[in-house]
Each structure stands twice: as structure tokens, then as C-alpha cells.
Visitor: 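Can you keep this structure in mind? I'll have questions shortly.
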Amino acid sequence: MTCDGVQAVFIRMQPVNKKAGENVIKQGEDGDYFYVITKGRCLVTRETPLNREGIRLAELGVGESFGEEALISDAKRNATVTML
């Protein structure tokens with residue numbers, strides 16, 4: 001990607017503010033955005049038939065990102081990401 005391409009990506013970025021306990025994305029939803037954490041931490045969980053509350057997969061912090069898989073594969077979200 002050229003410098004112009006990188007600049008174009010940053011121009012399109014928009015802040016999304018969520019509070020602790022709010023979902024950023026939910027498992028099973030359509031993929032619509034790619035997210036980069038600029039403040040706070042997120043918990044990544046995946047619901048299974050045996051665990052409806054979700055299995056803890058990861059905790060993400062500032063500088064980390066998520067949401068690209070559903071965009072690239074044109075699939076449903078495979079996990080829920082909740083602000084901590």
C-alpha cells in the first residue's frame with residue numbers, strides 16, 4: 001500500500017465510543033467494520049452450544065484490532081467483543 005493508500009484509510013476512520021459492558025460486535029452478526037482499540041480494553045468471547053455465556057478467548061488492549069475476519073471472508077461475526 002502506498003502512502004496515499006494509507007492516508008485514504010485513516011481519512012475513512014471514525015471513532016466509536018462504547019462504555020464498559022457494551023458490546024462492540026456480537027457473534028452471529030454481519031461484519032460491517034474493522035476496529036482498532038485506542039482506549040480501554042475489550043474481552044473476546046465465543047458462545048458454544050454448551051456455554052451460552054461464552055468462552056473467554058482473549059483480552060485486547062490499546063493498539064490491537066479485531067473485526068477483519070468477517071469482512072475478508074464475508075461471513076458472520078465468529079465472536080463477541082465487549083468493552084471492559
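For this chain, numbers begin at 1 and follow the sequence in order. Just so it is clear, the model here is predicted, and its values are computed rather than measured.
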Visitor: Going from CD on E53 to CD on E47, what distance comes out if it is rounded to the nearest 0.5 angstrom?
Guide: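 The CD atom of E53 sits 10.0 Å away from the CD atom of E47.
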Visitor: Among residues at least two apart in sequence or on other chains, which ones pass side-chain hydrogen bond (donor to acceptor under 3.5 Å, both in side chains) with K76?
Guide: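 Testing K76 for side-chain hydrogen bond (donor to acceptor under 3.5 Å, both in side chains), a comparison that skips the adjacent residues, returns D30.
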Visitor: So, do F66 and V44 sit near enough that their side-chain heavy atoms are less than 4.5 Å apart?
Guide: no
Visitor: Could you note down all residue pairs passing side chain to side chain donor-acceptor pair (under 3.5 Å) where residues 66-75 supplies at least one of them, sequence neighbours left out?
Guide: E69-N78
Visitor: Report the distance from atom CE of M83 to atom CD1 of I37, rounding to the nearest 0.5 Å.
Guide: 6.5 Å
Visitor: Identify, with sequence neighbours excluded, every residue that meets side chain to side chain contact (heavy atoms under 4.5 Å, CB included) alongside T82.
Guide: N23, T80
Visitor: What is the distance from atom OG1 of T45 to atom CG of L57, rounded to the nearest 0.5 Å?
Guide: 7.0 Å
Visitor: If you group Ile, Leu, Val, Met, Phe, Trp and Tyr whenever their side-chain heavy atoms sit less than 4.5 Å apart, what else falls in with L84?
Guide: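 Grouped by the 4.5 Å side-chain rule, L43 form the rest of the cluster around L84.
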Visitor: Sequence neighbours left out, what passes side chain to side chain contact (heavy atoms under 4.5 Å, CB included) with L71? Give chain and number order.
Guide: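 Partners of L71 under the side chain to side chain contact (heavy atoms under 4.5 Å, CB included) test: F34.
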Visitor: Say whether L60 and V36 are linked into one hydrophobic cluster, either directly or through other cluster members, by side-chain heavy-atom distances under 4.5 angstrom.
Guide: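 No, it is not one cluster - the side chains of L60 and V36 are not joined through contacts under 4.5 Å.
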Visitor: Decide yes or no for V24 and V16: does some side-chain heavy atom of the first lie under 4.5 Å from some side-chain heavy atom of the second?
Guide: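 They are not in side-chain contact.
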Visitor: For C42 and V81, work out which heavy atoms get closest and say how close.
Guide: CB-CG1, 3.5 Å
Visitor: According to side chain to side chain contact (heavy atoms under 4.5 Å, CB included), who are the partners of A70, at least two apart in sequence or on a separate chain?
Guide: R77
Visitor: Restricting to pairs with a member in residues 33-44, which pass side chain to side chain donor-acceptor pair (under 3.5 Å), not counting sequence neighbours?
Guide: R41-E59
Visitor: What residues, two or more places apart in sequence or in another chain, satisfy side chain to side chain contact (heavy atoms under 4.5 Å, CB included) together with E22?
Guide: K18, K19
